[in-house]
Amino acid sequence: MPEQSAKIAVLVPCLNEAISIHKVVKDFKSELPAADIYVFDNDSTDDTARIAKEAGAIVFKETRRGKGYVIQSMFQQVEADAYVLVDGDDTYPPQAVHRLLAPILANETDMVVGSRLQKGTQSQFNALNRLGNWFFALILNLFFGTHLTDILSGYRAFNRRFVNGMPLFSGGFEIETELTIKAIQRGYRILEVPVDLKRRSEGSESKVQLVRDGILILATIMALFRDYKPLTFFGILGLILFCVGMTSITIIGTTGNLAGGSILLLPWTILSVVVILVSLLAMSIGIILHTIDRRFQEFESRTRSMAQRYSDSEEK
Ligand SMILES: Nc1nc2c(ncn2[C@@H]2O[C@H](COP(=O)(O)OP(=O)(O)OP(=O)(O)O)[C@@H](O)[C@H]2O)c(=O)[nH]1
Ligand SMILES: [Mg+2]
């Protein structure tokens, strides 16, 4: 589908971005004159909503604070052929939007991520942000067997199928992690294209709280790993506990006699046996959840193909 004839929606989540929102709306209007620019304002206490409207954006209000809630609302309320998601802080390059949209419009992929960390990019990260991004990508790649370079980017493009089929629950900055993992798990095609991140302009404030949001992102990765890869999650947990229990029993076996009937010997033995039993329980839980998960995947895949067939017949 050519860019000119597609219905494109640019989605901008905003909390107190009065300094930059005018430029962001104007820049995207000039890159994509036919697109609709939607600014979702989260009860900003500054003039973000008014400035966005004056710049030509369609402004929605979201009363639940948090970028995650805003993206959930965007996905539910905006209808388009292709979507661009971008922050309102003027840190992502608007000129790169064509690179993000082209593979979506050519139906080569379902989600394009503007990667700020791919080789050759010159993103202006501070050291802590760079380290956090690298660390989260590393563990996500390890758990899910992917090779992504940026899982937290706020600059993305999606097709309609992706937006309509994505159940999201995150309220805050863990939303990008959820989007990425659920896309991998549902078999959507993901493509990364390099983008250079700029610094926020003077006076504009970051909404990220490094420790709180870092913990939330890590907890999201772990929770989705447990839910989507239960056999690996509980299998590894069980194996670790099994090794601990067996090592403990072996130590008792070899040194217990030497201890000459120490009063600690009985509780230590009981504890070791309990650890081994819990390890077997963890592995069994893993197998059961894995089987249930498989059946759900089959169910979801059938529902999705039925929905697709229904919407194809509606179009005809
Ligand atoms: N609607 C809405 N938008 C939010 C909220 N928190 C942040 N945002 C927007 O989400 C985008 C990303 O937030 P940022 O603070 O830039 O977070 P970041 O890009 O990860 O980090 P920095 O750019 O380093 O500050 C910005 O456009 C914010 O205005 C929120 O609670 N509601
Ligand atoms: Mg930002």
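As the structure lists them, so they are numbered: ligands from 1, and atoms in each ligand from 1.
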Asks: So that I know where these two stand, are Tyr188 and Phe162 an aromatic pair - ring centroids less than 6.0 Å apart?
Replies: yes
Asks: Ring centres under 6.0 Å, that's the criterion: do Tyr228 and Phe233 meet it?
Replies: no
Asks: Which protein residues have a heavy atom closer than 4.0 Å to any atom of ligand 1, listed by chain and number?
Replies: Pro13, Cys14, Leu15, Glu17, Phe40, Asn42, Arg65, Gly66, Lys67, Val70, Asp87, Gly88, Asp89, Phe173, Arg200, Ser206, Lys207, Val208
Asks: Taking Arg65 for its side chain and Asn42 for its backbone only, find out whether a donor-acceptor pair lies under 3.5 Å.
Replies: yes
Asks: Provide the atom name of the closest N, O or S atom of Asp89 relative to the Mg ion (ligand 2).
Replies: OD2
Asks: Run the side chain to side chain contact (heavy atoms under 4.5 Å, CB included) test on Glu79 and Asn164 for me, step by step, so that the C-alpha distance in whole Å, both residues' side-chain angles and the decisive distance to 0.1 Å come before the verdict.
Replies: CA-CA 9 Å; Glu79 268 299 316; Asn164 289 343; 4.2 Å; yes
Asks: Verify, without hydrogens or angle tests, whether Ser272 (side chain) and Gly245 (backbone) share a donor-acceptor contact under 3.5 angstrom.
Replies: no
Asks: For residues 190-197, dump all side-chain donor-acceptor pairs below 3.5 Å to protein atoms at least two apart in sequence or in another chain.
Replies:
unit_1, atom_1, unit_2, atom_2, d
Glu192, OE1, Thr149, N, 3.0
Glu192, OE1, Thr149, OG1, 2.7
Glu192, OE2, Thr149, N, 2.9
Glu192, OE2, Thr149, OG1, 3.4
Glu192, OE2, Asp150, N, 3.0
Asp196, OD1, Gln122, N, 2.7

